[in-house]
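All values below come from the heavy atoms of this structure, side chains included, with hydrogens, waters and symmetry mates left out. In the text below, chain A, chain B and the rest are named by the order of the sequence lines, each starting its count at 1.
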Amino acid sequence: MKKLTALLFTVLIVWGCTGNGPSGPDPDDFDREAILVNWADNIIVPAFTHFSETTDQLHTSAQEFASNPTEQNLVKLRTSWENAYLAFQHVSMFEMGEAMQLRFRDNLNIYPSDTSNINENITEGGYNLELPSQNSSQGFPALDYLLNGLGENDAEILASYTTDSNAENYRVYLTDLTERADNLANQVLENWTNGYRDEFVSNSGNGANSSLDMMVNDYIYYYEKHLRAGKVGIPAGVFSGSPLSSHVEAYYSEGLSKALFNEALTASINFFNGTHFDAEVNGQSLDDYLDYLNTMKDGADLTMLINDQFQTAQSRAENLDPDFAAQVETDNSLMLSTYDELQRNVVNMKVDMLQALSINVDYVDADGD
Amino acid sequence: MLWSIVRFAANGWISKLYIEPDFHFSYLGFEWVGPLGEWTYLLFIICGITSLFVALGFKYRISIIVFFLSFTYIELMDKTTYLNHYYFISILSFLMIFLPAHAYYSIDARRNKHLRSQEIPAWTIDSIKLLLGIVYFYAGLAKLNSDWLFEAMPLQIWLPSKYSIPLLGDLLQQTWAHYAFAWGGTLYDLSIPFLLLYKRTRIFAFMMVVIFHVLTRVLFPIGMFPYIMIGSVLIFFDAGLHNKILAKISEWLNISKSVFDNGKIYQFPKNWLRKASVGIVAVFFILQLLIPFRYLLYPGELFWTEEGYRFSWRVMLMEKAGYANFKVVNPENGQRFYVDNDQFLTEFQEKQMSFQPDFILEYAHYLEDHYQTQGIKDPEIYVESYVALNGRRSQPYVNPEVDLTEIKPSLKHRTWLLPFNDEIKGL
């Protein structure tokens with residue numbers, strides 16, 4: 001026993017003697033793959049199917065309005081826009097696969113929209129909507145501006161599309177936006193139905209890149225950043241000290257923001273419980289997985305805690321004004337208390353649920369010890 | 001070690017962990033150590049090259065010193081990445097500075113006839129055995145607590161989630177298996193140094209080492225550590241085995257091994273340097289034996305307060321997760337708002353910060369500085385935080401009424417943490 005150098009040598013040699021076992025399906029007390037199947041077949045694909053139907057309708061309505069800009073067609077287009085925007089709340093959290101490649105959410109729902117850039121696009125033309133710099137000049141918030149924000153009343157708004165010197169450009173920009181939204185929706189749906197669904201379901205192993213880990217991370221990220229902060233916290237001034245009414249979702253519509261929020265919260269609750277998109281059927285999801293894991297350690301009933309907290313947040317939001325902008329300007333405390341209730345479930349999910357599921361919250365896949 | 005560095009670089013970790021973040025968590029007393037921008041890559045290159053030199057025994061003394069310094073500097077840059085096995089590498093390389101690891105089968109020894117020796121004093125090898133023994137035994141002692149032994153925590157959380165591992169996946173769903181792993185692990189850690197020391201049990205012990213570390217490698221994302229430990233324990237074997245291994249290597253590489261077999265015993269130069277070395281190594285071991293017990297100086301639950309948790313071979317003992325929401329108050333106009341942690345921290349930093357009190361405090365001070373430049377003269381920073389430990393329900397962590405800017409980072413007991421509503425018995 002003479003050479004310490006051997007020590008470091010051997011480290012090099014031993015490396016490579018063993019590898020990671022490949023992951024594969026296995027029979028098990030609890031079928032995690034059933035969760036993925038339920039998510040894909042009963043929630044994600046139906047929600048994207050519905051969403052792409054509404055964007056088809058939105059684009060059709062926009063084309064009708066462009067060729068015949070009447071008040072009647074404007075009202076019809078607004079309804080299509082509202083339907084698509086509500087449908088979007090059920091797919092926004094699924095930023096994975098093709099949706100991630102396309103930066104689906106960034107292209108469809110960055111608000112507040114950049115109105116000066118939108119105006120420049122309209123007057124100058126020559127824009128490329130695929131550039132990241134154009135994210136806040138398209139999607140639902142930009143359409144909100146084009147349909148609700150161009151004037152005080154419908155007559156003024158219509159004037160932009162009829163008598164304005166740039167009327168033609170307004171009509172083109174409008175249909176360019178609806179066409180792009182429709183394309184994005186169809187691309188993601190197509191990806192799910194042509195292969196990604198199977199890829200998603202078969203990636204049922206454990207580890208940072210498994211479907212379960214990625215989906216749970218995406219879900220919590222969406223709930224924390226886009227639902228809690230984006231829809232409620234930021235307008236209420238939680239991060240800035242004073243309310244920012246212009247940061248409300250669908251700001252120009254003056255009354256859609258609460259409906260969008262409620263829809264998004266419902267979508268989050270349904271996802272957690274595995275409720276099917278188009279039927280009141282409860283499938284396998286995180287609630288069942290938590291219940292299963294809890295049978296081993298006999299701890300707190302997290303499923304109940306999280307669902308109760310969802311309900312508290314929902315009922316707290318009931319009293320909010322349909323227009324969140326009006327709410328933060330008149331009585332922000334109600335908005336703040338809604339935020340607090342949403343916040344409590346961030347702790348429940350990000351701390352307690354992730355610990356119970358043994359899923360890492362970060363994407364940096366560093367070593368542990 | 002070279003592999004470890006290459007792997008680190010290949011994963012893009014250098015840039016992700018050290019260059020991209022705006023802010024780094026430092027160790028108390030080492031706030032001056034920070035990433036060097038693009039030069040950080042050079043630091044990693046130096047560290048990699050010197051590790052290769054050490055392995056080859058080329059310019060050994062200077063190489064191991066530079067390796068120790070560069071590796072330790074890398075670890076000191078950001079404590080977010082603290083891992084017990086990085087600490088192990090640091091102190092092992094420190095110890096090796098004082099050992100003549102280049103006396104045999106090295107480039108140095110080949111070139112320098114006076115250095116070349118077939119044997120080195122036993123204490124030099126024993127010192128490494130002692131260090132390994134401390135690592136295992138202390139890790140075993142740390143497992144003697146009620147969470148680990150009687151709740152099988154945190155294994156009960158970790159193991160079921162590894163359901164897709166072939167063969168083991170089903171087993172890991174069984175409660176009895178969680179307890180078996182917990183008790184087996186404890187027994188292993190406590191006994192393995194002794195089993196390795198006795199010749200009659202050594203082969204069996206080494207098989208256990210391989211099984212144990214391969215298993216941990218399969219079950220947990222712990223990088224190079226299992227291989228390092230498996231390689232390291234070879235030092236418990238006597239010279240016969242090592243000579244055989246080296247003979248094989250010599251055959252492959254066509255090196256003459258016999259040059260080194262000169263029957264000489266390495267002699268430390270008889271001067272002050274030698275005395276100093278022995279003194280330093282002795283002090284080093286006394287510290288190694290004492291540091292893990294420093295937690296006894298603090299009241300409260302160690303897992304909760306983490307006062308004396310690091311540098312103590314407490315490996316895989318806790319599943320801790322947290323959430324920290326910082327509130328900034330401007331006392332001049334009463335304006336208050338919450339901080340979006342994304343703005344300042346990476347996801348990884350945020351995660352590590354959220355349950356470690358020293359991180360929370362350091363970050364609060366960073367926020368104080370930041371908002372001072374934003375025009376708030378004397379911001380007050382409060383934190384609403386929740387921590388869940390070993391499967392317990394999350395509970396409030398830091399006292400939300402305490403203005404963290406008034407607290408100075410120190411090693412004193414942290415009175416600003418809320419008490420832990422449970423008890424974990426044991427060491």
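Only the backbone of B:K320 comes within less than 4.5 Å of a heavy atom in chain A; its side chain stays farther off. For B:N330, no part sits under 4.5 Å from any heavy atom of chain A, backbone or side chain. Interface remark: B:E384 contributes no atoms to any contact with chain A (heavy atom separation under 4.5 Å). Using a 4.5 Å cut-off between heavy atoms, B:Q335 contacts chain A through its side chain alone, with no backbone atom that close. Contacts between B:L389 and chain A at a heavy-atom distance below 4.5 Å involve the backbone alone (N, CA, C, O). For chain B, no part of A:I359 is nearby; none of its heavy atoms comes within less than 4.5 Å.
Taking both residues in full, the closest heavy atoms of A:F239 and B:F337 are given as O-CD1, 3.6 Å, listed atom of the first, atom of the second, then distance. Between A:R32 and B:P160 the shortest heavy-atom distance is NH2-O, 3.0 Å. Nearest heavy atoms, B:W158 versus A:S358: CD1-OG, 3.4 Å.
Under the 3.5 Å distance criterion, with hydrogens and angles disregarded, no donor-acceptor pair is assigned to the side chains of A:N206 and B:S161.
Expressed to the nearest 0.5 Å, how far CG of B:D340 lies from CD of A:E224 amounts to 8.0 Å. Rounding to the nearest 0.5 angstrom, the gap separating the CG atom in A:L302 from the CZ atom in B:R393 is 6.5 Å.
Between A:F30 and B:Q173, the closest side-chain pair of non-hydrogen atoms is not below 4.5 Å.
Within residues 346-355 of chain A, the residues having any heavy atom less than 4.5 Å from a heavy atom of chain B are, in residue-number order, A:V346, A:V347, A:N348, A:K350, A:V351, A:D352, A:Q355.
No more than 12 heavy-atom neighbours from other residues, nucleotides or ligands sit within 6.0 angstrom of OH on B:Y386.
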Walk me through whether A:K225 and B:D342 qualify under side chain to side chain contact (heavy atoms under 4.5 Å, CB included). CA-CA 10 Å; A:K225 305 286 174 192; B:D342 279 8; 2.9 Å; yes
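Residues passing the ring-ring contact (aromatic ring centres under 6.0 Å, His included) test with B:Y338: none are found, sequence neighbours excluded.
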